[in-house]
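The structure appears right after this line, and notes come after that.
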Amino acid sequence: MAEGEKEKKSSSSNNEESVKLFVGQVPKHMTEDELLAMFKEFALVDEVNIIKDKITRASRGCCFLLCPSRQEADKAVNACHNKKTLPGASSPLQVKYADGELERLEHKLFVGMLPKNVSEAELSDLFSKYGIIKDLQILRGSQQTSKGCAFLKYETKEQAHAALEDINGKHKMEGSSVPLVVKWADTEKERQARRAQKAQSQAMPNTDSQHPSLFGALPMGYAPPYNGYGYQAPGAYELVPYRLRGGIRPDLSLNISPRNYAPASYMGSAYPTMPGLQYPIVYPGAIMSHRPLSSSPGALSPTVPSCNSATSSAASGSSGGQVEGPPGANLFIYHIPQEFGDQELANTFQAFGQVLSAKVFVDKATGVSKCFGFVSYDSPAAAQNAITMMNGCQLGGKKLKVQLKKDNKQSKPY
DNA sequence: TCATATT
């Protein structure tokens, strides 16, 4: 019944004119009213919506602003982005257009299947029938050669829509046997997802996609364009997102837990079948803190998943917000091997105590690891133990650097 | 090289 109140009260929020901004670095304790009051000093703001955890309903440290116009939104961005640090935040406010807003506002179209010799002027002739063109560019390569596609912005959405409907799949340029493709340009988010996917497939060329759990580790699957036509380079996006390749290889991503690795004698024979692995993975401290590995090959038995609570809680920790441990129990780790994800990091460090969370940072655009991350334990003793055992430990090409995480907001000045 | 989060 309380749910019933979730009616859309503000018709203003559906206004085409209104602009949504995303705001980061918002202290979790701030209320929507407080934020509204603050932002109103700089621009007209109709609404503030704090982004909350789906389950706990706790603030996730960011919010959306609804501004009545682009002009007002720009005022808020210019006045606040990177300019103010709210009490309790560690870095300045991040204020930017919410995902997809810019694209929505710009009425940007993608045009594909252009003959390479078509000029801007010719394109302009064709598209100006539908409205005022604000921007038009043919994508070109190094020698100024056309890539056979273009981006185009109209003054209004209606104009863009009219052009899309009229030309997409219907209009053939002179001398071309295939019709043009016209679609709404991808949003920044879609582009990032695509880039990440590409980077992933290059970074892990031997991905064994038969392992179902691997899917969860990869970026969202590629969603085909709504119009079903190709985009830029047809074939660049197969409908099967990950190429299936032959070749057997132990699952790199999940079973790298110390106890799954046998003594070096085994490693030798393992390498040739693991082209993705360029170097030995050794867990110096890890091995000793578990019961001694049996020297029999049985140690390799896949009777794994002592799916211990450490691992599973780490997984849940990394899937939601970051769980932080008590003071002194959180580690910063640098020089993590490139191919390590959250899970591998957790596995590597679980030998020293109860891992609350483990996070490897990745480049937002490419999905590539930045080779640093965090591990949180439930006790400072575990963290110290991990530092002693793992700091300076050669893992991959480099030596791990394991330190206590620097903690900005710990002081309680009374 | 120290938590960037999109209802």
Side-chain angles (χ1 to χ4, degrees), chain A residues 3 6 8-10 13-14 18-30 32 35 46-66 73 77 81-82 85-86 88-104 187-193 196 219-220 314 317-325 327-336 338 342 345-346 355-377 383 387 391-392 398-410:
Chain A
E3 296 296 310
K6 292 201 83 174
K8 43 184 131 182
K9 47 199 167 198
S10 52
S13 53
N14 293 331
S18 71
V19 175
K20 186 170 14 176
L21 297 178
F22 174 83
V23 182
Q25 296 303 323
V26 175
K28 296 196 204 307
H29 58 77
M30 285 188 78
E32 291 178 345
L35 289 162
D46 293 327
E47 236 176 275
V48 174
N49 297 113
I50 288 177
I51 299 167
K52 307 187 185 85
D53 184 278
K54 281 187 190 63
I55 296 149
T56 69
R57 308 299 295 162
S59 166
R60 300 197 61 172
C62 49
C63 70
F64 288 117
L65 296 188
L66 216 56
V77 172
H81 179 64
N82 270 142
T85 301
L86 265 22
S90 54
S91 45
L93 279 175
Q94 299 300 107
V95 186
K96 36 204 199 189
Y97 283 77
D99 282 350
E101 276 307 85
L102 210 47
E103 293 85 355
R104 180 179 72 79
T187 65
E188 181 61 26
K189 202 177 188 179
E190 289 165 327
R191 287 165 54 203
Q192 285 182 356
M220 72 184 84
S318 54
S319 69
Q322 294 83 347
V323 181
E324 208 168 319
N330 303 291
L331 298 177
F332 171 73
I333 296 140
Y334 196 57
H335 291 159
I336 296 169
Q338 183 90 53
D342 296 352
L345 186 62
V355 172
L356 265 29
S357 69
K359 177 126 207 99
V360 173
F361 273 70
V362 296
D363 183 280
K364 234 195 318 182
T366 65
V368 172
S369 164
K370 291 190 165 168
C371 299
F372 75 89
F374 300 91
V375 169
S376 293
Y377 286 106
I387 291 174
N391 186 39
K398 304 219 172 126
K399 290 181 177 173
L400 278 190
K401 183 176 287 194
V402 183
Q403 318 171 309
L404 283 180
K405 174 174 116 57
K406 89 162 65 154
D407 202 355
N408 276 336
K409 62 162 309 177
Q410 206 52 51

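Chain A is the first sequence line, chain B the second, and so forth, proteins listed ahead of strands; every chain is numbered from 1. Just so it is clear, the structure is predicted and the values come from calculations on it, not from any experiment. Every heavy atom of this structure was used, including side-chain atoms; hydrogens, water molecules and symmetry mates were not.
- Remark: C1' of B:dT7 and CG of A:Leu66 are 12 Å apart, rounded to the nearest angstrom.
- Considering only side-chain atoms of A:Ser357, the nucleotide from B:dA3, B:dT6, B:dA5 that sits closest is B:dA3.
- Residue A:Lys20 is classed as a base contact, given a heavy-atom separation below 4.0 Å to a base.
- In this structure, A:Arg60 atom CZ and B:dA5 atom P are separated by 8 Å, rounded to whole Å.
- Looking at heavy-atom distances under 4.0 Å, A:Ser376 makes contact with a base.
- Listed nucleotides: B:dA3, B:dC2, B:dT6. Nearest to the side chain of A:Phe372: B:dC2.
- When the P atom of B:dT6 is taken as reference, atom NZ of A:Lys52 falls 15 Å away, rounded to whole Å.
- In terms of modelled atom types and a separation under 3.5 Å, the side chain of A:His335 and the main chain of A:Leu400 share no donor-acceptor contact.
- In this structure, A:Phe374 forms an aromatic stack with the base of B:dA3, since both conditions hold: centre separation below 5.5 Å and plane angle below 30°.
- Scanning for ring-ring contact (aromatic ring centres under 6.0 Å, His included) contacts around A:Tyr334 gives an empty result, with sequence neighbours left out.
- Distances shown here put every side-chain N or O of A:Gln403 at or beyond 4.0 Å from the OP1 or OP2 atom of B:dT1.
- For the side-chain hydrogen bond (donor to acceptor under 3.5 Å, both in side chains) test, residues two or more places apart in sequence or in another chain that qualify with A:Gln25 are A:Ser91.
- Atom C1' of nucleotide B:dT1 and atom NZ of A:Lys370 are separated by 11 Å, given to the nearest angstrom.
- Ring centroid separation for the pair A:Phe374 and A:Phe332 comes in under the 6.0 Å cut-off.
- The side chain of A:Phe22 lies closest to B:dT6, out of B:dA3, B:dT6, B:dT4.
- When distances run from any side-chain atom of A:Lys401 to the nucleotides B:dT1, B:dT7, B:dA5, the shortest one goes to B:dT1.
- Whole-Å rounding puts the A:Glu103 CD to B:dT6 P distance at 16 Å.
- Taking every side-chain heavy atom of A:Phe64 into account, B:dT7 is the closest of B:dT1, B:dT7, B:dA5.
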